[in-house]
Amino acid sequence: SLWEKMSAGGTFDPSKMKGKGRVDLVRFRPDAAADFFPPKFKDTLSEAEANGRISFEMDGPEHLEATLTCSLPRLVLNRDGRSVKASVKNLEEP
């Protein structure tokens, strides 16, 4: 499977077009979805596991703000016959 657990929650007021929420993925495996990515990406990524949260807030129809927070406890990349193993504890992109 692509992930072990997914959860989501939020609120939305359609009359004001305001809301907020979040989506959490636990043990997401992008390598399991490699067939959906370009071939170069598929050949480079051999193992990966990620935990992540996307938090979002909408304040009217023209304002949407989202933040992605994730960790990569396991990441193995291959190139030119070499493998690189990495781990990222916390990555945040507002």
Side-chain angles (χ1 to χ4, degrees):
S1 71
L2 290 176
W3 58 79
E4 183 177 293
K5 179 180 169 186
M6 182 173 87
S7 62
T11 59
F12 182 68
D13 180 347
S15 66
K16 296 179 182 177
M17 295 294 290
K18 291 185 176 187
K20 62 182 177 178
R22 53 126 185 95
V23 177
D24 295 308
L25 283 177
V26 176
R27 296 187 70 183
F28 171 62
R29 294 186 46 235
D31 55 313
D35 290 338
F36 299 103
F37 296 105
K40 202 171 204 177
F41 179 83
K42 182 179 178 180
D43 294 340
T44 302
L45 182 65
S46 65
E47 291 180 49
E49 182 180 294
N51 300 307
R53 170 176 279 186
I54 299 173
S55 302
F56 55 90
E57 189 167 339
M58 184 175 185
D59 188 15
E62 295 179 13
H63 180 82
L64 175 65
E65 187 174 312
T67 302
L68 169 65
T69 305
C70 71
S71 64
L72 295 159
R74 187 177 76 226
L75 178 64
V76 180
L77 303 172
N78 298 312
R79 185 170 182 173
D80 300 328
R82 294 179 294 163
S83 290
V84 175
K85 295 179 182 179
S87 175
V88 177
K89 288 187 179 185
N90 190 26
L91 177 65
E92 187 171 327
E93 179 61 36

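Owing to the predicted nature of the structure, the values given are computational and were not obtained by experimental measurement.
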Arg29 vs Ser1, side chain to side chain contact (heavy atoms under 4.5 Å, CB included): CA-CA, chis, key distance, verdict = CA-CA 8 Å; Arg29 294 186 46 235; Ser1 71; 5.8 Å; no

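Taken to the nearest 0.5 Å, the CZ atom of Arg74 stands 10.5 Å off from the OG atom of Ser87. Expressed to the nearest 0.5 Å, how far CG of Asp24 lies from NZ of Lys5 amounts to 8.0 Å. Expressed to the nearest 0.5 Å, how far CD of Glu65 lies from NZ of Lys20 amounts to 12.5 Å. For the atom pair Asp31 CG and Glu47 CD, the distance stands at 7.0 Å (nearest 0.5 Å).
The minimum heavy-atom distance linking Trp3 with Phe28 is given by the pair CB-CA, 3.9 Å. Closest approach of Leu2 and Ala33 over heavy atoms only: CD2-CB, 3.6 Å. The two residues Leu68 and Ile54 make their nearest non-hydrogen contact at CD1-CG1, 3.8 Å.
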Compile the donor-acceptor pairs under 3.5 Å between side chains in residues 76-86 and protein atoms, sequence neighbours left out, one pair per line.
residue	atom	partner	partner atom	Å
Asn78	OD1	Ser83	OG	2.5
Asn78	ND2	Ser46	OG	3.1

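In summary, of the residues considered (Met17, Met58, Glu57), a side chain to side chain contact (heavy atoms under 4.5 Å, CB included) with Leu64 occurs for Met58 alone.
Residues Pro73 and Asn51 meet the side-chain proximity criterion, which asks for heavy atoms closer than 4.5 Å. Within the 4.5 Å cutoff, no side-chain heavy atoms of Lys89 are placed close to those of Ser71.
Residues Leu75 and Phe37 share a hydrophobic cluster, clusters being chains of Ile/Leu/Val/Met/Phe/Trp/Tyr side chains in contact below 4.5 Å.
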